[in-house]
Structures are given as C-alpha cells and as structure tokens.
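Quick notes on the structure that follows.
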There are 2 protein chains.
Amino acid sequence: MRAFIVVSHTAPLEGGFSLSDLPGGAGRLDILCRCTTEAFLLSHGIRKDVRLYLAIRDRLVVELEGRRLRHLNPDERSTAALLRRALTRAQGLSPGESAESTPGIRVRWEGLRELLVRISGEGFQPLVLDEEGQFVRKAPLPAWPAFVLSDHKDFTPAERESLVLYPKISLGPLSLHGHQCITLVHNELDLREAKWVGSP
Amino acid sequence: MRAFIVVSHTAPLEGGFSLSDLPGGAGRLDILCRCTTEAFLLSHGIRKDVRLYLAIRDRLVVELEGRRLRHLNPDERSTAALLRRALTRAQGLSPGESAESTPGIRVRWEGLRELLVRISGEGFQPLVLDEEGQFVRKAPLPAWPAFVLSDHKDFTPAERESLVLYPKISLGPLSLHGHQCITLVHNELDLREAKWVGSP
C-alpha cells in the first residue's frame with residue numbers, strides 16, 4: 001500500500017465555487033485535481049493500492065481510496081467536480097465524524113497532525129518530499145510509505161514541526177510541481193516492486 | 001535541447017469547441033493540455049530548452065518552444081485556451097506556411113513523417129516511447145533527443161512505419177499516460193545533466 005498526503009494551504013473548505021475558475025475562485029483546487037490524477041490513474045485503469053489524503057488548511061481531510069474509487073477521469077474539471085461534492089458533503093459533519101461523498105471519497109474535519117497519527121496507527125510510515133532529502137533511488141523505503149508534500153506554498157512552521165521526525169526524500173535536482181513528484185515516486189515504487197531491469 | 005512529439009488521433013483541427021468539455025466535444029484535447037504542462041512547467045518557471053510538437057491527425061502540427069513561450073499556466077483550461085487560439089490561427093494557412101498564434105506557439109499543416117524529417121534536419125534524434133523498448137535508466141540518449149509518444153490510442157500502422165527505424169525506450173513495468181511519460185523522461189534527463197547522486 002502507498003499513500004500520499006498533499007498539504008493544501010488555499011483550497012476551499014466548502015463547495016460553492018465555479019468549475020471554470022479552479023486556479024482563482026477555487027483557491028488553486030487545480031493543484032489538488034492534478035495530484036489526484038497522478039496518484040490514481042494509469043493508462044488503463046486505477047491504482048487500487050493507493051490512498052490519497054488532501055489535507056486542507058490544517059482543518060479538513062478529503063481521503064481517496066483506490067480500491068473503492070469510482071467516476072475518476074483524467075481531466076481536471078471532472079476531478080474538481082468530485083472534490084466539490086466532497087467539500088459540500090463536509091458541511092454539518094461533527095468533529096470525529098466522517099462521510100462518503102461518492103464511492104471511495106470520504107471527508108472529515110481533521111488537522112494534519114491528527115491525520116499523521118491516524119495513518120501511522122494503520123501501518124503507514126510518513127516520509128517528507130524535500131529537496132534536501134535523501135535521493136529516492138538510493139533511499140530505503142518502507143512497505144507502506146506515506147509521502148507528504150506541499151502545494152504551491154511551503155510548509156508552515158507548525159507543519160514543519162509536525163513533520164520534523166520523518167525521513168526526507170528528494171527526487172532530483174529541480175524543484176517540481178507536487179503532482180509531478182507523485183508520478184516520479186510511483187515510478188520508483190513500480191520499478192522496485194517489479195524488480196524491473198528493463199525489457200525481458 | 002529536448003523535444004517531445006505527441007501524436008494525437010482525435011484532437012480537433014479547428015478551434016470551435018467549448019473549454020468546458022475538453023474530453024468530449026474537444027476530442028480529448030485535455031490529453032494535449034496535460035502533455036503541454038508536463039513538457040514545460042517546473043515549480044517556479046518554464047523549461048526553456050524544450051520543444052513540444054503536437055502532431056494532430058497526421059495533418060497539423062502545433063509547435064511550442066520553451067524559450068519564447070508566454071501565458072502558460074498549470075491548469076488545463078487555460079492551456080486549452082492557448083491551444084484553441086493556435087487551432088483557430090491555422091485556418092487559411094497554405095501548406096508550407098506557418099504562423100505564430102501567441103508567443104512561442106506556432107502552427108503549420110504538416111504530417112508526422114514530414115515533421116520527423118524537419119526536426120532531424122535541425123539536429124534532433126527521434127526515439128519512440130514503447131513498453132517493449134530499452135529501459136530509460138540504462139539507455140544511451142542523444143544530446144538532442146525527440147521522444148515520440150501517442151495519445152490514448154495506439155500508433156496506426158502508417159505511423160509505426162514512419163517510426164520503425166528509431167530506437168525504442170521504455171520507462172517501467174506499467175502502462176502510463178503520455179503526460180506521465182514526459183515527466184519521467186524529464187527527470188531522467190535532469191539527473192543525467194546534473195550528474196545527480198543525491199543531496200550534496
């Protein structure tokens with residue numbers, strides 16, 4: 001099992017926005033859409049053994065589970081519509097409650113630190129994607145890694161404090177978009193799982 | 001210099017479509033948008049030394065040049081608007097003519113085979129992304145590679161014939177979307193150019 005935690009500082013906490021202005025009125029929801037695409041979509045199907053946690057403003061978590069996920073298409077706009085349903089579904093939930101908005105997408109009011117504790121309890125081992133980290137191709141990786149990455153803004157000091165104990169992993173010499181990092185991590189894990197050395 | 005040639009079998013040859021239905025009415029233009037994003041965008045800026053050729057229906061080529069490219073944002077919809085301007089600009093051009101629709105985006109009526117001849121004359125060496133190819137991490141790569149990939153459909157027999165002489169490169173054990181392949185190729189080239197072995 002693999003997980004990704006995308007920390008969003010600007011995405012909305014409710015669903016009242018237009019699908020035609022994701023980078024503006026929807027608080028860069030386009031970033032979370034691309035991360036969702038990269039976390040789950042293969043050329044012919046969905047990665048089943050993946051979980052994606054969109055941790056929005058340290059208050060709300062949208063959790064996507066590959067095994068149960070339905071209706072996910074590659075284009076940004078349709079993914080935004082799914083996330084909008086989740087954000088709408090979150091309204092009225094009490095702390096501790098969670099609800100499924102569409103198959104495989106669940107929301108709950110939860111901060112980053114609580115999320116890290118919860119998934120660690122399920123067996124995930126968090127790692128932080130960081131340009132100063134150990135190069136992924138040489139790094140030992142756990143069986144159930146949970147890669148934490150930020151949106152277009154840096155982690156806040158409070159977030160850094162929540163993450164300080166976890167190993168840091170880097171992907172290369174250039175600073176990339178979060179969704180690109182997800183693609184690269186998946187490829188590294190795919191190669192390791194298949195013990196890939198090239199074409200047979 | 002690096003180039004990517006994305007062969008599209010379904011994208012429109014003119015600009016009369018809605019930006020709100022890219023996967024449907026716009027003939028999977030969303031695929032070309034994502035390829036454009038991955039070809040050029042870094043976290044903080046544009047890759048200057050990249051060219052992207054969108055070879056549509058073996059008739060029209062939209063050519064994007066990193067060094068001159070302007071107005072490219074990460075979201076699909078705004079990229080689609082740029083490509084729509086290019087497709088609109090193509091109308092009325094004679095064979096052999098080309099025109100710039102916005103800075104760094106140029107269109108011309110040209111088939112895949114003519115495109116391959118033209119860029120080979122400029123110094124590019126085409127390689128084909130193919131699951132049966134040599135694993136990219138072990139493959140020798142030219143200084144000016146031009147990676148050819150297809151959209152959601154396989155290459156046609158005629159396209160395969162145009163590509164038969166070029167080396168084939170694979171990226172891993174799973175079948176990925178074209179835009180994901182571009183991200184992986186860039187990373188491999190970034191690592192080689194920087195002689196990257198991990199954090200300093």
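The model shown is predicted, which means the values in this text are computed figures rather than measured ones.
A side-chain N or O of R106(B) and one of S98(B) form a donor-acceptor pair less than 3.5 Å apart.
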Legend entry - Residues E38(B), H177(A); criterion side chain to side chain donor-acceptor pair (under 3.5 Å); working and verdict: CA-CA 9 Å; E38(B) 298 316 308; H177(A) 284 280; over 6 Å; no
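Across C33(A), A194(A), S20(A), A139(A), the residue that shares the most heavy-atom pairs under 4.5 angstrom with chain B is S20(A). Ranking D75(B), T183(B), L171(B) against chain A, the residue ahead of the rest is D75(B), based on heavy-atom pairs under 4.5 Å. When each of R28(A), Q180(A), E76(A) is checked for heavy-atom pairs under 4.5 Å with chain B, E76(A) comes out on top. Ranked by heavy-atom pairs under 4.5 Å with chain A, the list R137(B), H44(B), R34(B) is led by R137(B).
Heavy-atom distances place no part of H152(B) under 4.5 Å from chain A, backbone and side chain included. Contact of H186(A) with chain B is not made at all, since no heavy-atom distance falls under 4.5 Å. Residue contact with chain A, scored on non-hydrogen atoms closer than 4.5 Å, is absent for R192(B). At a 4.5 Å heavy-atom cutoff, the contact between P74(B) and chain A is made by backbone and side-chain atoms alike. Looking at L22(A), neither its backbone nor its side chain comes within 4.5 Å of chain B, counting heavy atoms on both sides.
Counting all heavy atoms, side chain and backbone alike, P173(B) lies closest to W196(A) at CB-CE3, 3.6 Å.
For the side-chain hydrogen bond (donor to acceptor under 3.5 Å, both in side chains) criterion with H9(A), the lone passing option out of D58(A), T156(A), D151(A), D154(A) is D151(A).
Within 6.0 Å of the CZ atom in R118(A), the count of heavy atoms belonging to other residues, nucleotides or ligands exceeds 12.
Not a single donor-acceptor pair under 3.5 Å links the side chain of E65(B) to the backbone N or O of R67(B).
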